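Down below is the structure, laid out as C-alpha cells.
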Amino acid sequence: MTLMTMIVKMTEGLSKTCAIFFLTLIFSLPLGMIIALLRMSKNKIVSNVTRFVISVLRGTPLMLQLLAVTYGPYYLFDFAVSKNKLIPVVIAFAINYAAYFSEIYRGGIESMPVGQYEAAEVLGYTKAQTFIRIILPQVIKRIMPSITNEVVTLVKDTSLAFTVSYQEMFTIGKQIANSQTSFTPFVVAGVFYFVFNAIVDFVMGKVEKRMDYYK
C-alpha cells in the first residue's frame, strides 16, 4: 500500500473523528454548566450527589466509561448493542467531558467578586439577568485557557473510540499498521492529530482575543 493510498483511507475515518469531536463539544459544554450549577446548589443533597458523580467520572478511565456505555446495557439488561457505535461513543465522551467542564465553570463562577452581584442587585437586575449578562461573559473569558486545554485533549482522546471498534481515523490507521506490519500509519495519524490541534488552538486563540473586552 502506497503512502498516498494510506492517507486517503485514513482520511475516510477523519470525518468520524470530527463527528466525535464536534458532537462531544455540542453536548458537553452546556451539560457541564448544568452540572456546575447543581454542584453549587445550596441544597446539600443535590450538591453532594453531583459532587460524587463528578468524582466518579473524573476518577475512572474514559476507556472504561466507553465500554460501560457501549456494552453495559447488553450485560445488565440484555439490550442489543447499538448498531451505530457513534451514539454510545458520543454519550460517553459528552458525560466525561461535561464533568471536567463543570469544574472549570465552577472555578470561574466562584472567582467572581461578590461586589458584582451586589452592584447588579442595586441596579435592579434579577439573579438570572445578573448571571447571564454580567457574570457569564466574564467567566467565559477567564476560563478560556482551561477550556482550550480540554478541547485539545479531546482531539487526542477521540482515538479511544478504537476500544469499541468504531471506525474513526486511529482505528483505521491501527488496522492498516497491523495488516502492513508498518509503523507509518501511526506517523500519519500523529500528523493528522497535530494539524487538527493546531487549527483548534488557532481558533480558540481568536475567540479569546475577541473577548478581551471582558478583561
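Computed from heavy atoms alone, side chains included, the values below leave out hydrogens, waters and symmetry copies. None of these values were measured; they are calculated from a predicted model.
A donor and an acceptor atom, one from each side chain of T153 and E150, are nowhere located under 3.5 Å apart. Side chain to side chain, R39 and S102 fail the donor-acceptor criterion of an N or O pair below 3.5 Å. T130 and E121 share no side-chain donor-acceptor pair at under 3.5 Å.
Residue L29 comes nearest to Y105 through the heavy atom pair O-OH, 3.0 Å, listed as atom of the first residue, atom of the second, then distance. Here the closest heavy-atom approach between residue Y97 and residue L62 is recorded as CE1-CD2, 4.3 Å. Shown here for P88 and V69, the closest heavy-atom pair between the two residues is O-CG1, 3.5 Å. In terms of heavy atoms, V90 sits closest to T24 at CG1-N, 4.4 Å.
Residue M40 is tested with T50, V46, I109 for a side chain to side chain contact (heavy atoms under 4.5 Å, CB included); the sole match is I109. None of I147, L154, I20 except one satisfies the side chain to side chain contact (heavy atoms under 4.5 Å, CB included) rule with L25; the exception is L154. Each of I7, I172, I176 was checked for a side chain to side chain contact (heavy atoms under 4.5 Å, CB included) with P185, and the lone residue meeting it is I176. Just one of D157, V164, T163 meets the side chain to side chain contact (heavy atoms under 4.5 Å, CB included) condition when paired with M63; it is T163.
Side-chain atoms of N96 never come within 3.5 Å of backbone atoms of A92 as a donor-acceptor pair (strictly under, hydrogens ignored). With hydrogens and angles disregarded, a donor-acceptor distance shorter than 3.5 Å links the side chain of T148 to the backbone of M144. Side-chain atoms of T17 do not come within 3.5 Å of backbone N or O of E168 as any donor-acceptor pair. Checked by atom type and distance alone, the side chain of R142 pairs as donor or acceptor with a backbone atom of S111 at under 3.5 Å. The backbone N or O of N197 lies less than 3.5 Å from no partner atom in the side chain of D201, so there is not a single donor-acceptor pair. No donor-acceptor pair closer than 3.5 Å links the side chain of Q116 to the backbone N or O of P113.
No more than 12 heavy-atom neighbours from other residues, nucleotides or ligands sit within 6.0 angstrom of OH on Y125. The neighbour count for I45 CD1, taken as heavy atoms of other residues, nucleotides or ligands under 6.0 Å away, does not exceed 12. The neighbour count for K85 NZ, taken as heavy atoms of other residues, nucleotides or ligands under 6.0 Å away, is above 12.
Relative ring orientation between F186 and F183 is described as tilted, the plane-to-plane angle lying within the 30° to 60° band.
In this structure, CG on L66 lies 10.0 Å from CZ on F162, to the nearest 0.5 angstrom.
For Y71 and Y74, the ring centers sit 6.0 Å or farther from each other.
The shortest side-chain heavy-atom distance between I143 and F101 does not fall under the 4.5 Å cut-off.
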